[in-house]
Number of protein chains: 2
Amino acid sequence: MDQTAARPGRRRRPAAPTVQDVAVEAGVSPMTVSRVLSGAAHVRPELRARVEAAVAKLDYHRNENARSLRPGHRSGLVGVTITNIANPYYAELQRGLEEVAARHGRRILVGNSNEDPALERQLVADFLGRRVEGLVVVPSGGPDADHLQPAALGGVPLVLASRAVPGVDVDTVLVDDVRGAREATATLLAEGHRRVAFLGHRLSAFTGQRRLEGFRLAHAQAGVPVVDELVRVGQQDAASAQQALTALLELDDPPTAVFSANNRNTVGAIRAIAARAATGGPPVRLFGFDSFELADLSPVALSVVDHDARELGARAAGLLFERLEGTVPRAPARLVELPVVLREHLRDR
Amino acid sequence: MDQTAARPGRRRRPAAPTVQDVAVEAGVSPMTVSRVLSGAAHVRPELRARVEAAVAKLDYHRNENARSLRPGHRSGLVGVTITNIANPYYAELQRGLEEVAARHGRRILVGNSNEDPALERQLVADFLGRRVEGLVVVPSGGPDADHLQPAALGGVPLVLASRAVPGVDVDTVLVDDVRGAREATATLLAEGHRRVAFLGHRLSAFTGQRRLEGFRLAHAQAGVPVVDELVRVGQQDAASAQQALTALLELDDPPTAVFSANNRNTVGAIRAIAARAATGGPPVRLFGFDSFELADLSPVALSVVDHDARELGARAAGLLFERLEGTVPRAPARLVELPVVLREHLRDR
DNA sequence: CTGTTAGCGCCTTCAG
DNA sequence: CTGAAGGCGCTAACAG
């Protein structure tokens with residue numbers, strides 16, 4: 001009915017109502033309000049109704065920050081740092097994470113580390129300041145990782161997702177990179193290819209190393225030597241990958257097949273191969289790690305090592321909540337490696 | 001050096017250190033600690049050093065929740081609800097938003113509304129409880145939107161992103177849907193097409209309506225009647241879009257061109273057209289709203305109405321911070337419509 | 001330059 | 001069944 005009842009002490013923003021305000025409005029004590037809000041037992045129905053009416057009228061929302069101050073209370077927050085949310089892969093990961101967190105009644109605080117360890121450190125510090133109950137980090141992989149050490153986290157559990165960090169002994173969820181790369185490469189070798197190129201991102205990236213390892217392993221097991229001049233790492237985006245492969249295809253003795261270690265490199269490879277095919281070059285066989293939408297419509301024959309980013313996020317959250325809910329009190333750090341699936345997109349044109 | 005100095009009252013988690021703890025460790029009063037932490041002026045260098053050492057030793061992090069309790073202080077949080085973060089479009093949007101928020105020293109709390117108005121309402125309520133300073137919402141578009149009304153938000157500014165909500169008069173950032181759809185359709189009509197199909201999502205989606213409006217407008221301006229039997233709405237995913245277009249292409253008098261109103265429908269359309277082409281059908285011209293990676297490698301000739309999701313997120317955040325920082329104190333609600341770019345991927349095969 | 005007091009919003013503990 | 005007191009961690013305002 002009435003307009004703004006001028007509460008003293010307000011500046012610009014009307015200042016959110018407090019239990020006090022609700023109590024006055026309902027003509028009860030703050031405690032009664034609190035009890036009603038906590039789904040209280042033992043409150044006279046009439047009072048309860050009055051309180052609920054007051055809450056609705058004032059658009060009251062319990063101050064969670066104040067609440068989390070009380071001993072024993074939790075913030076309901078999980079801190080998440082991602083290296084680049086614009087990468088659809090990590091977007092899926094976040095979704096898996098958020099879903100599980102929501103199911104456990106938690107909210108996620110998200111920050112982009114942008115592959116920058118300093119930023120990551122800052123994000124983690126900020127999250128700790130906000131008293132997150134746990135952390136999920138896609139590590140940016142700098143050399144200096146003491147901000148991820150359990151000691152620095154004051155007992156707040158951490159789960160690493162997608163990449164491990166050497167020397168940081170915490171729960172970690174990975175894709176089975178080595179196996180995926182090995183099987184993909186083995187497939188190419190079994191098809192008879194003897195000059196197989198490798199396209200990957202910089203080796204400081206954990207997954208880059210593991211996938212190259214799988215590549216080498218497959219060669220060793222097949223008794224085929226790795227052609228070192230065909231191994232190109234350091235392409236962080238599709239454009240440089242395209243450039244790198246284009247150069248390789250112009251060699252006197254070019255590769256007949258390519259294993260690309262990630263999404264970005266696969267996209268660049270497709271472009272390079274499509275361009276080469278347009279000029280009448282011989283076909284080049286491509287096998288890429290990571291899938292992507294429309295992979296099945298690729299203009300060049302393609303197989304992929306597919307895996308489920310959403311599942312990865314969900315599992316990371318799962319490990320975290322096992323810690324938080326005491327299901328796994330102080331078990332040693334666990335390592336989960338998610339399976340991969342080899343998929344063909346050969347287009348029988 | 002020493003192990004855990006057993007502080008009384010701890011349960012399981014060691015309980016994060018407080019200013020008190022730091023003060024004791026440094027042999028000063030809590031106030032001095034507080035001053036040092038606030039980049040204090042007027043603290044004797046020696047004390048400052050002692051405090052800093054204690055902070056490092058204890059891995060102390062200021063409790064932001066307690067801090068935000070003090071009058072005048074802000075939470076440093078912005079609440080964000082997105083309808084589906086796994087959609088790369090919204091992932092980009094989040095990135096733009098997060099970037100700008102970080103630049104303003106704010107963190108984002110992200111929730112997935114999953115296109116569910118009830119979930120959205122719950123998220124907003126939770127965010128308000130955490131005393132976010134502002135909200136950015138990609139509205140899920142249910143009928144009942146009073147939880148987005150300024151009155152319900154208690155003065156917390158809200159910016160709508162990507163979609164508007166009828167009756168909710170707040171800052172809004174949109175893509176120029178009508179113009180994009182109109183120009184795309186006009187292009188098709190100018191090329192001589194007279195039977196142009198429309199594929200879109202359900203019309204309760206705000207953008208769906210606007211894009212259909214543009215489609216109709218172009219027809220009206222060209223003096224070409226819309227062929228109602230070729231207008232198909234309600235496809236929420238690529239599979240149903242493919243199915244819908246396949247059916248249209250089997251008509252006695254099939255469309256010669258298709259305008260698809262979004263990403264998902266375009267992907268489905270590509271599949272349907274590619275399949276049709278494989279059976280020797282006549283070529284079908286395709287124009288889609290939204291771009292996507294590898295659009296240029298589409299196996300069927302394609303043009304797209306491109307626009308920048310990241311920019312959209314950044315602009316939404318920009319509007320929000322203008323409110324928060326008082327640059328635009330209480331200006332009336334503003335509407336920003338971001339431009340689109342028409343792009344051809346015709347592949348001169 | 002440093003310390004003491006008090007209170008932000010909430011809820012556990014204890015009285016009534 | 002309801003209310004009063006006290007304290008969670010922090011920092012303005014006011015001594016000293």
Side-chain angles (χ1 to χ4, degrees), chain A residues 7-11 13-51 54-55 58-76 128-131 154, chain B residues 7-11 13-51 54-55 58-76 128-131 154:
Chain A
R7 291 208 299 118
R10 62 155 181 169
R11 291 294 144 75
R13 202 78 36 103
T18 74
V19 264
Q20 263 299 346
D21 300 320
V22 177
V24 169
E25 176 73 31
V28 298
S29 83
M31 253 334 287
T32 302
V33 175
S34 177
R35 277 194 261 262
V36 171
L37 293 172
S38 309
H42 308 305
V43 176
R44 194 154 29 112
E46 185 211 326
L47 288 195
R48 171 190 304 283
R50 290 225 304 268
V51 169
V55 165
L58 299 180
D59 275 314
Y60 170 78
H61 295 272
R62 215 161 30 173
N63 185 333
E64 289 298 329
N65 297 328
R67 213 149 169 256
S68 74
L69 217 54
R70 314 273 359 267
H73 256 282
R74 320 210 162 286
S75 68
L128 291 175
R130 296 180 188 284
R131 295 299 182 267
Chain B
R7 291 207 298 119
R10 62 160 179 161
R11 291 294 144 75
R13 199 81 34 108
T18 74
V19 265
Q20 263 299 346
D21 300 321
V22 177
V24 169
E25 176 73 30
V28 298
S29 84
M31 249 337 280
T32 301
V33 175
S34 175
R35 277 195 261 262
V36 170
L37 293 172
S38 309
H42 309 305
V43 177
R44 192 151 33 109
E46 186 210 325
L47 288 195
R48 172 193 302 282
R50 290 224 306 267
V51 168
V55 165
L58 300 181
D59 275 314
Y60 171 78
H61 294 271
R62 215 159 34 170
N63 186 331
E64 289 299 330
N65 297 329
R67 218 155 162 249
S68 74
L69 216 54
R70 317 258 18 264
H73 258 282
R74 319 209 163 288
S75 68
L128 291 176
R130 295 180 188 284
R131 294 300 182 263

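Residue numbers begin at 1 in each chain, while the letters A, B, ... track the order of the sequences. Just so it is clear, the values below take in all heavy atoms, side chains as well, and ignore hydrogens, waters and symmetry mates. Here the structure is a predicted model, which means the values were calculated and not measured.
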- Per-nucleotide protein contact string for nucleotides 10-15 of chain C, where B marks a base within reach and S marks sugar-phosphate only (heavy atoms under 4.0 Å, - for neither): BBB---
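Legend: residues meeting salt bridge (charged side-chain N to carboxylate O under 4.0 Å, His left out) with A:Arg131, ordered by chain and number and at least two apart, are absent. With sequence neighbours left out, A:Val24 forms a side chain to side chain contact (heavy atoms under 4.5 Å, CB included) with A:Gln20. Residues meeting the side-chain hydrogen bond (donor to acceptor under 3.5 Å, both in side chains) test with A:Arg50, sequence neighbours left out: A:Glu46. With sequence neighbours excluded, the residues that form a salt bridge (charged side-chain N to carboxylate O under 4.0 Å, His left out) with A:Arg130 are A:Asp126.
The CZ-C1' distance, from B:Arg48 to C:dC1, rounds to 12 Å in whole Å. Straight-line distance from the CZ atom of A:Arg50 to the P atom of D:dC1: 16 Å, rounded to whole Å. At whole-Å resolution of the value, CZ in B:Arg74 and C1' in C:dC8 are 14 Å apart.
Five base pairs at each end of the helix from C:dC1-D:dG16 to C:dG16-D:dC1 define two local axes, and these are offset by 40° (rounded to 10°).
For the atom pair A:Asp59 CG and A:His61 NE2, the distance stands at 5.5 Å (nearest 0.5 Å). Residue A:Asn63 holds its CG atom at 6.0 Å from CG of B:Leu69, rounded to the nearest 0.5 Å. Atom CZ of B:Arg35 and atom NE2 of B:His42 lie 10.0 Å apart (nearest 0.5 Å).
Checking side-chain atoms of A:Ser38 against main-chain N and O of A:Ser34 turns up a donor-acceptor pair under 3.5 Å.
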